[in-house]
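Okay, structure first, notes after.
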Amino acid sequence: MRADAVIAELRALQSLRPVLDAVTALSGPYEGVYLVGGTVRDLLLGERGFDVDIAVEGDAIAFAESLALALGGRVRTHRTFGTAAVFYGDGGRVDVVTARTESYHAPAVLPSVEHAGIHDDLFRRDFTINAMAVSLRPDDLGQLVDPFGGRADLEARRLRVLHPRSFVDDPTRIFRAVRYENRLGFRMDDETLRLAHDSVGTGHVGDLSRARLREELIALFGEGHVDHTIVRIHELGLDEAVHPHLAADAETVELLRRLTALDDEYELGVPSWRLGFAVLARRLPPEEVLDWLRSLKLRRRDAELIAAAVTVGPRLAASLGEADPAEVVALADPFAPDAPLFALALADLEPLRDYFGRLRGVRLEVTGRDLAGLGVAESPRVGEILAELRRRKLNGELAGRDEELAAARELIG
Ligand code: ATP
């Protein structure tokens, strides 16, 4: 697509028209106002649902405030970083940053930043395909700024870093490269691949903060189909750099595919990154799984569910073949849905299919209030009776409210 066609394309997106018109109208006092980064990449690729990222040569916060006013929206500012987000209409969002340059003082540590022009701003970015800008000022509207050959790389479906120290400065870019490879079907060129290997080999991934590592892993495995990602992190040695016992092999690919398919089939809504963490972590010594997940500062509930999938899942797969429905529920429910799902992906057992297809939704029709009506005082006995009723119902011994009440009377008696 030609650069001027980019603007035509943008304007054709009716929902963005008012935003672009407002941005252009407000841009007069600023040195430069540009559409940047992934927005330009996705537009050139003909994508539709993308974020709008704008870089301003000048005060991005003042610009964002005027934009919010013009759109009748609101603005959230981060003054320390010189960035702002404008929220408008029904879920619309525009991110505005001050064009800046970054200097890295140590490998893998966040850089210090200074205001700069658009060329410097593009130079701080990860790959050439993300280092293009399109002017939104009226005098050169639609002009493409492409100092590093990003457009040619887009056409060649190639990921290329902007300079040889890129992965040393910021090893999260290696994870980003794998994510783009997987999502777009692009590939790193030979030099970029070599630099990635060098950076991993030199141990820079280990220097990343746990929080940044966690965010990259979540982004990597949050993308749905990640067959290529798994193969690639192993080829690059990223798996071992993250933890010596991570499993990223053909079996991991297969297991994750099964987990994803089952998660969809039973509409469980387990986030795909959590499934990814479980398959990766499944060969860690069981007593280390939770510690590792906690070291990444995952939310406690997420860490526990993943750890249960890895440690309890195989036990469920081995023990539920002959269990009756009530036993299946008793064993699976405390770790649901991740651990029984993991078990089902390991062994396609009928009791587990029954658990997700039916048993999980079985509810009693009688309640504690009914038991009170039958004269049972509020006490642990209420819970015990309800549990026994549910056990019988799960095993098909009770059908309907009347039978449940009759069984309750018998138990009370
Ligand atoms: P997507 O959100 O679709 O994954 P994106 O390109 O919008 O893609 P973001 O993570 O939102 O990705 O980042 C926005 C832009 O910021 C990128 O296009 C890239 O130019 C730049 N960027 C993000 N992270 C880095 C990084 N670690 N190093 C250098 N540049 C980065």
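Start at 1 and go down the list; that is how both ligands and their atoms are numbered.
Considering D95, D126, L162 only, the shortest heavy-atom separation from atom 30 (N) of ligand 1 involves D126. For atom 25 (C) of ligand 1, the candidate residues are R124, E215, R176, R212; the nearest heavy-atom contact is made by R176. For atom 6 (O) of ligand 1, the nearest non-hydrogen atom from the set E47, R41, R179 belongs to R41.
Ranking protein heavy atoms by distance to atom 18 (O) of ligand 1, first place goes to G38 N, 3.1 Å. Protein heavy atom at the shortest distance from atom 2 (O) of ligand 1 is D51 OD2, 4.2 Å. Protein heavy atom in closest approach to atom 14 (C) of ligand 1: D53 OD2, 4.1 Å. In terms of protein heavy-atom proximity, atom 16 (O) of ligand 1 is nearest to R125 NH1, 3.5 Å.
Counting heavy atoms closer than 4.0 Å to ligand 1, residue E223 contributes nothing at all. At a 4.0 Å heavy-atom cut-off, ligand 1 touches N130 through backbone and side chain alike.
Within the structure, ligand 1 has Y180 among the residues with a heavy atom less than 4.0 angstrom away.
Of the protein's heavy atoms, at least one falls inside 4.0 Å of atom 4 (O) of ligand 1.
For ligand 1, the atoms sitting less than 4.0 Å from at least one non-hydrogen atom of R183 are 1 (P), 3 (O), 4 (O), numbered in the order shown with element in parentheses. Of all atoms in ligand 1, listed by their number and element, those nearer than 4.0 Å to a heavy atom of R173 are 26 (C), 27 (N), 28 (N), 29 (C). Every atom of ligand 1 is numbered from 1 in the order shown, and the set under 4.0 Å from a heavy atom of G37 is 18 (O). For ligand 1 and T172, the ligand atoms under 4.0 Å from any heavy atom of the residue are 27 (N).
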What donor-acceptor contacts under 3.5 angstrom involve side-chain atoms of residues 55-64, with partners at least two apart or in another chain?
{"unit_1": "E57", "atom_1": "OE1", "unit_2": "G32", "atom_2": "N", "d": "3.2"}
{"unit_1": "E57", "atom_1": "OE2", "unit_2": "I118", "atom_2": "N", "d": "2.6"}
{"unit_1": "D59", "atom_1": "OD1", "unit_2": "I61", "atom_2": "N", "d": "3.0"}
{"unit_1": "D59", "atom_1": "OD1", "unit_2": "A62", "atom_2": "N", "d": "3.2"}

Enumerate donor-acceptor pairs with a distance under 3.5 Å from any side-chain N or O in residues 199-211 to protein atoms, sequence neighbours excluded.
{"unit_1": "S199", "atom_1": "OG", "unit_2": "F167", "atom_2": "O", "d": "3.1"}
{"unit_1": "T202", "atom_1": "OG1", "unit_2": "D198", "atom_2": "O", "d": "2.5"}
{"unit_1": "S209", "atom_1": "OG", "unit_2": "R212", "atom_2": "N", "d": "3.2"}

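For the side-chain contact (heavy atoms from CB on, under 4.5 Å) test with R283, the passing option among V289, D249, L246 is D249; the others fail.
Considering both main-chain and side-chain atoms, D170 comes within under 3.5 Å of ligand 1 through a nitrogen or oxygen pair.
Within the 6.0 Å centre-distance limit, the rings of F123 and F148 are counted as a close aromatic pair.
The line from CD of E327 to CD of E322 is 10.5 Å long, rounded to the nearest 0.5 Å.
Judged by the 6.0 Å distance and 45° axis criteria, R157 is not positioned over the aromatic ring of F186.
Using a 3.5 Å distance cut-off with no hydrogens or angles, the side chains of T192 and D189 do pair a donor with an acceptor.
Judged purely by atom type and a 3.5 angstrom limit, R214 uses its side chain to pair as donor or acceptor with the backbone of L296. At distances below 3.5 Å, at least one donor-acceptor pair connects side-chain atoms of R282 with backbone N or O atoms of V279.
Classified by interplanar angle (parallel below 30°, tilted 30° to 60°, perpendicular above 60°), the ring pair H245/H243 is tilted.
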